[in-house]
Amino acid sequence: MKLPPKITIVDHFKNLEDKRIERRKRHKLIDIVTIAICAVICGVDSWALMETYGKKKEKWLKQFLELPNGIPSHDTFARVFAMIDPQQFQNCFLSWIKSINKITEGEVIAIDGKTLRHSYDKGQDKGAIHMVSAWATSNKLVLGQCKVEEKSNEITAIPELIKVLDIAGCLVTIDAMGCQKEIVKSIVEKSWEYIIALKKNQGNLYKNVEEIFKQAISKGFEGFKHSEFHTKQEEHGREEIRHYLMLSDIKERIDTDNKWVNLQSVGMVEYIRKVNGKTQVETRYYISSLTNHAKLLGQTVRSHWGIENSLHWVLDVAFREDDCRIRKDNAPQNFAVLRHIAVNLLGKEKSQKLGTKSKQFCAGWDDEYLEKILKCI
């Protein structure tokens, strides 16, 4: 297969195992995967539309695909992606990410989960798939994803995702679900830093952190090593004030059994919202491997929500992920990887100052623009 110059993403999928019976192979696996990647970039969200896309773009696709028997049918796309081993497909994705990865030291990596709401299959008694993703907040790249197994939760999936991530010197953020000793240990073993939201069901740890902040504040921080940072925003009649506070050198007071690896500091964030004369106050606590740096705490906590705004929101609005009814076998998980490939490529294409949905339309209409997106590596 001869690809247009510099379009090398497909090279990372060429060794994917083909599990089809040999005598039934009318279409090359790499052709099927390539068409799927191009189609999803252009906004396709079903197998039927994927076949239609292929037929409309057959002349362009033939420039670099063999297509010995033309464009595969929608049934072929569905059957093949249901058979592809998700771990192998994930490994191909990771191989590609590794080739383009330019994560800088200190990059904030947000780890969070999202449910594919219509991926459930009542007929086979399968619940909706839940995927945990790692998102580079500055580079705006999906670095990897892991499916949460049935009858399990993110607690078991996050360590598996951490294992496959090949990044150095980063700062990992996770919401309260990830506040687990084994997850913290797996992060430290990778030589990463962490800021993790603390949940109330962490019993003594939450109670101890809450109490030590009360003591520090009541004593005017006398005897405590601390740092503070404040922000204030006013717009559309709403005022938001955030107070960030960090305490360090307190491990012996809150983790007497030394169960939390490399716990160097704790953070408190107080959110004050004033809307229409009403005031709401919310307080959250965090544990961290960082030394005292309240400003970095504030920047990191805000960055974490980039995975919601820049990834999950885009998947829902531009890719209609929650409406997708692909359900059979491995297909939902593999299609999720296709979406993440598309998110990364569309995000890296900067020649057009357009939103993701507009870029998808342009890619579908303009083959040269699609080639430009495919070269964004």
Side-chain angles (χ1 to χ4, degrees), residues 1-20 22 24-81 83-84 88-89 91-100 141-142 318-319 326 331 334-335 337-352 354 356-377:
M1 178 181 65
K2 184 180 179 182
L3 290 169
K6 295 186 180 179
I7 298 180
T8 60
I9 179 174
V10 181
D11 289 346
H12 299 281
F13 293 84
K14 63 186 178 183
N15 295 322
L16 193 63
E17 182 183 357
D18 192 342
K19 296 192 174 185
R20 293 175 294 170
E22 194 63 38
R24 296 182 63 184
K25 295 179 182 178
R26 299 186 66 248
H27 305 280
K28 296 178 70 67
L29 181 61
I30 195 61
D31 288 359
I32 294 171
V33 171
T34 305
I35 295 169
I37 290 172
C38 292
V40 174
I41 288 172
C42 296
V44 165
D45 60 1
S46 71
W47 305 127
L49 281 177
M50 196 168 286
E51 177 187 353
T52 302
Y53 170 86
K55 288 179 176 178
K56 295 296 182 182
K57 295 292 184 179
E58 186 169 1
K59 183 178 179 180
W60 177 75
L61 291 165
K62 277 187 174 179
Q63 295 179 61
F64 52 90
L65 298 181
E66 294 184 22
L67 301 179
N69 290 291
I71 300 298
S73 69
H74 62 278
D75 285 335
T76 298
F77 280 114
R79 185 171 62 254
V80 169
F81 277 95
M83 294 172 65
I84 289 175
Q88 284 190 17
F89 205 52
N91 290 341
C92 292
F93 173 86
L94 292 171
S95 169
W96 169 58
I97 287 295
K98 188 175 181 179
S99 74
I100 66 169
L141 277 176
V142 181
F319 291 87
I326 291 172
N334 289 327
F335 208 98
V337 174
L338 288 173
R339 291 190 200 96
H340 286 164
I341 292 171
V343 166
N344 283 353
L345 286 169
L346 288 163
K348 287 179 72 66
E349 204 301 292
K350 304 294 186 183
S351 68
Q352 300 282 347
L354 301 170
T356 301
K357 196 65 181 176
S358 296
K359 287 182 180 179
Q360 288 177 306
F361 282 130
C362 290
W365 296 328
D366 185 344
D367 294 338
E368 288 186 8
Y369 184 62
L370 177 55
E371 285 189 29
K372 188 178 291 186
I373 290 171
L374 290 168
K375 293 175 187 175
C376 286
I377 57 176

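Count residues from 1 along the sequence.
By the side chain to side chain donor-acceptor pair (under 3.5 Å) test, Lys28 pairs with no residue at all, sequence neighbours left out. With sequence neighbours left out, the side-chain contact (heavy atoms from CB on, under 4.5 Å) criterion links Glu368 to Asp366. The ring-ring contact (aromatic ring centres under 6.0 Å, His included) search around Tyr53 returns none, not counting sequence neighbours. Residues satisfying the ring-ring contact (aromatic ring centres under 6.0 Å, His included) criterion with Phe93, sequence neighbours excluded, are Trp96. Residues meeting the side-chain contact (heavy atoms from CB on, under 4.5 Å) test with Leu354, sequence neighbours left out: Gln352, Ser358, Lys359, Cys362. For Lys62, the side-chain contact (heavy atoms from CB on, under 4.5 Å) partners are Glu58, Leu67, not counting sequence neighbours.
Taking the six-membered ring where tryptophan is involved, the planes of Phe81 and Phe89 are perpendicular, since the angle between them exceeds 60° and thus also 30°. Taking the six-membered ring where tryptophan is involved, the planes of Phe64 and Trp60 are perpendicular, since the angle between them exceeds 60° and thus also 30°.
One distance of note links CD1 of Ile373 with NZ of Lys375; it measures 12.0 Å at 0.5 Å rounding. A distance of 7.0 Å separates CZ of Arg79 from CG of Asp75, quoted to the nearest 0.5 Å. With rounding to the nearest 0.5 angstrom, the CD atom of Glu22 is 8.5 Å from the CZ atom of Arg20. The line from NE2 of His12 to CD1 of Ile97 is 9.5 Å long, rounded to the nearest 0.5 Å. How far CD1 of Ile41 is from CG of Leu345: 5.0 Å, rounded to the nearest 0.5 Å. How far OG of Ser95 is from CG of Asn15: 9.0 Å, rounded to the nearest 0.5 Å.
Judged by distance alone, with hydrogens and angles left aside, the side-chain atoms of Asn69 form no donor-acceptor pair with the main-chain N or O of His27 at under 3.5 Å. Side-chain N or O atoms of Glu51 include one that pairs as donor or acceptor with a backbone N or O of His74 at under 3.5 Å. When atom types are taken as modelled, the side chain of Thr76 and the backbone of Pro72 share no donor-acceptor pair closer than 3.5 angstrom. Put simply, the side chain of Gln63 never gets that close to the backbone of Leu65: no donor and acceptor are under 3.5 Å apart. A donor-acceptor distance shorter than 3.5 angstrom exists from the side chain of Lys57 to the backbone of Gly364, with no hydrogens or angles considered.
Looking at Val142 and Ile341, their side chains never come closer than 4.5 Å, going by heavy atoms from C-beta outward. Asp45 places none of its side-chain heavy atoms less than 4.5 Å from the side chain of Met50. The side-chain heavy atoms of Pro68 and Arg26, taken from C-beta on, include no pair separated by under 4.5 Å. Residues Asn334 and Leu338 have side chains not in contact (no heavy-atom distance under 4.5 Å, counting atoms from C-beta outward). Using a 4.5 Å cut-off on side-chain heavy atoms (C-beta onward), Ile84 and Leu29 make contact.
No more than 12 heavy atoms of other residues, nucleotides or ligands lie within 6.0 Å of NZ in Lys55, so this atom counts as exposed by the packing criterion. Within 6.0 Å of NZ on Lys357 lie more than 12 heavy atoms contributed by other residues, nucleotides or ligands.
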* In sequence, state the C-alpha distance, the side-chain angles, and the governing distance for Phe319 and Val40, and then conclude on side-chain contact (heavy atoms from CB on, under 4.5 Å). => CA-CA 8 Å; Phe319 291 87; Val40 174; 4.1 Å; yes
* Intermediate values then yes/no, side-chain contact (heavy atoms from CB on, under 4.5 Å), Ile71 and Leu61 -> CA-CA 9 Å; Ile71 300 298; Leu61 291 165; 4.1 Å; yes
* Asked: Run the side-chain contact (heavy atoms from CB on, under 4.5 Å) check on Tyr369 and Phe361 step by step: do they pass?
  -> CA-CA 10 Å; Tyr369 184 62; Phe361 282 130; over 6 Å; no
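The nearest pair of heavy atoms linking Leu16 to Cys92 is CD1-SG, 3.8 Å. Summarising the geometry of Glu349 relative to Ser351, their closest heavy-atom pair is OE2-OG, 2.7 Å, with the distance given to 0.1 Å.
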